[in-house]
Amino acid sequence: QVQLVESGGGLVQAGGSLRLSCAASGRTFSNYAVTWSRQAPGKEREFVAGISSTADSTYLTDTVKGRFTLSRDNAKNTVYLQMNSLKPEDTAVYSCAANLRGNFRSIAPYDYWGQGTQVTVSS
């Protein structure tokens, strides 16, 4: 069993930065690929970014490429989503998910899901 807890969300002005964290319980977190997705009010969930279990590969959707970066510290069981040059359209609840199937390019499949953290970007 793995529990995921996101943190780092908040209110920021356009052009600002936030760093989201996805902290996991469990000693085998290093075996899991991790993805981030977001959902804005009234919109479908959107894949944002993913990182392989060993951190040798990352994948970001075109809308955030060049602004967001992913990293992970398996010793701390944590994945980080650094978000720079934030735009109002980035406003959403951001959630992380983990899976043992090596998926880091899409929302599914996943094995565990966090509760989400709100990111609000004001114009």
Side-chain angles (χ1 to χ4, degrees):
Q1 187 80 10
V2 173
Q3 290 186 324
L4 303 175
V5 178
E6 300 95 333
S7 62
L11 174 63
V12 65
Q13 288 188 332
S17 298
L18 285 173
R19 188 177 78 160
L20 305 185
S21 297
C22 173
S25 63
R27 294 178 292 176
T28 60
F29 183 62
S30 59
N31 294 335
Y32 288 80
V34 174
T35 62
W36 285 93
S37 62
R38 65 188 181 187
Q39 188 165 26
K43 294 188 177 181
E44 290 190 357
R45 180 167 294 279
E46 175 190 22
F47 173 84
V48 175
I51 187 167
S52 64
S53 59
T54 57
D56 59 349
S57 296
T58 60
Y59 180 76
L60 294 95
T61 192
D62 286 346
T63 55
V64 306
K65 202 172 292 184
R67 300 189 296 124
F68 292 9
T69 57
L70 270 176
S71 62
R72 69 189 295 164
D73 185 341
N74 284 336
K76 295 182 178 180
N77 282 1
T78 303
V79 169
Y80 304 100
L81 181 66
Q82 178 67 43
M83 307 188 298
N84 300 327
S85 302
L86 282 162
K87 304 175 181 180
E89 50 264 44
D90 294 318
T91 295
V93 175
Y94 285 70
S95 301
C96 66
N99 73 89
L100 281 172
R101 281 160 274 195
N103 169 48
F104 63 95
R105 295 176 178 268
S106 61
I107 295 174
Y110 66 89
D111 297 308
Y112 301 100
W113 193 273
Q115 86 290 349
T117 185
Q118 176 70 47
V119 171
T120 303
V121 185
S122 62
S123 57

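Numbering of residues begins at 1 and proceeds along the displayed sequence. FYI, side chains are in, hydrogens and waters are out, and symmetry mates aren't considered; it's all heavy atoms of this structure.
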Undergrad: Of all the heavy-atom pairs spanning F29 and V79, show the shortest one and how long it is.
TA: CZ-CG2, 3.7 Å
Undergrad: Would you call T61 and R38 a side-chain contact if the rule is heavy atoms closer than 4.5 Å?
TA: no
Undergrad: What are the two closest non-hydrogen atoms of L81 and L70, and how far apart are they?
TA: CD1-CD2, 3.8 Å
Undergrad: Atom CZ in R105, atom CG in L60: separation rounded to 0.5 Å?
TA: 10.5 Å
Undergrad: May I ask you to check whether over 12 heavy atoms, not counting those of Q3, lie within 6.0 Å of atom CD?
TA: no
Undergrad: For the residue pair S123 and A14, what are the closest heavy atoms and their distance?
TA: CA-CB, 4.4 Å
Undergrad: Tell me whether V48 is reachable from V12 by hopping between hydrophobic residues (I, L, V, M, F, W, Y) whose side-chain heavy atoms are closer than 4.5 Å.
TA: yes
Undergrad: Give a yes or no on whether V93 and L20 share a hydrophobic cluster (residues Ile, Leu, Val, Met, Phe, Trp, Tyr; joining criterion: side-chain heavy atoms under 4.5 Å apart).
TA: no
Undergrad: May I have the step-by-step check of side-chain hydrogen bond (donor to acceptor under 3.5 Å, both in side chains) for S17 and N84, ending in yes or no?
TA: CA-CA 4 Å; S17 298; N84 300 327; 2.9 Å; yes
Undergrad: Return the CE to CZ distance between M83 and R19, rounded to the nearest 0.5 Å.
TA: 11.5 Å
Undergrad: Shortest non-hydrogen contact from R72 to S30?
TA: NH2-CA, 4.2 Å
Undergrad: In a check of side-chain hydrogen bond (donor to acceptor under 3.5 Å, both in side chains) between K65 and each of T63, T69, D62, which one passes?
TA: D62
Undergrad: Looking at every heavy atom in both G116 and E6, which two are closest together, and how far apart are they?
TA: N-OE1, 2.9 Å
Undergrad: Quick one: side-chain contact (heavy atoms from CB on, under 4.5 Å) partners of S7, sequence neighbours excluded?
TA: S21
Undergrad: With Y110, which residues qualify under ring pair (Phe, Tyr, Trp, His ring centres under 6.0 Å), at least two apart?
TA: W113
Undergrad: Flag yes if L18 and V64 sit in one hydrophobic cluster, no otherwise; membership is Ile, Leu, Val, Met, Phe, Trp, Tyr, and two members link when side-chain heavy atoms are under 4.5 Å apart.
TA: yes
Undergrad: About how many Å separate CG of N74 and OG of S53, when rounded to the nearest 0.5 Å?
TA: 7.5 Å
Undergrad: I107 versus T35: any side-chain heavy-atom pair under 4.5 Å?
TA: no
Undergrad: Using the rule that Ile, Leu, Val, Met, Phe, Trp and Tyr join whenever any side-chain heavy atoms are under 4.5 Å apart, tell me whether L86 and F47 fall into a single cluster.
TA: no
Undergrad: Is it true that a side-chain atom of T91 and a backbone atom of V121 form a donor plus acceptor pair closer than 3.5 Å?
TA: yes
Undergrad: Report the C-alpha distance between R67 and S85 in whole Å, list the side-chain angles of each, state the deciding distance to 0.1 Å, and finish with yes or no for side-chain hydrogen bond (donor to acceptor under 3.5 Å, both in side chains).
TA: CA-CA 6 Å; R67 300 189 296 124; S85 302; over 6 Å; no
Undergrad: Name all residues meeting the side-chain contact (heavy atoms from CB on, under 4.5 Å) criterion together with S106; count only those two or more places apart in sequence or in a different chain, and write none if there are none.
TA: N103
Undergrad: Please find the pair of heavy atoms, one from L4 and one from A24, that lie closest to each other, and give the distance.
TA: CD2-CB, 3.6 Å
Undergrad: Could you tell me the separation between the SG atom of C96 and the CH2 atom of W36, rounded to the nearest 0.5 Å?
TA: 4.5 Å
Undergrad: With rounding to the nearest 0.5 Å, note down the distance linking CZ in F68 to OG1 in T58.
TA: 13.5 Å
Undergrad: So that I can tick it off, tell me whether D90 and K87 are bridged by a salt bridge, with the cut-off set at under 4.0 angstrom between side-chain N and carboxylate O.
TA: no
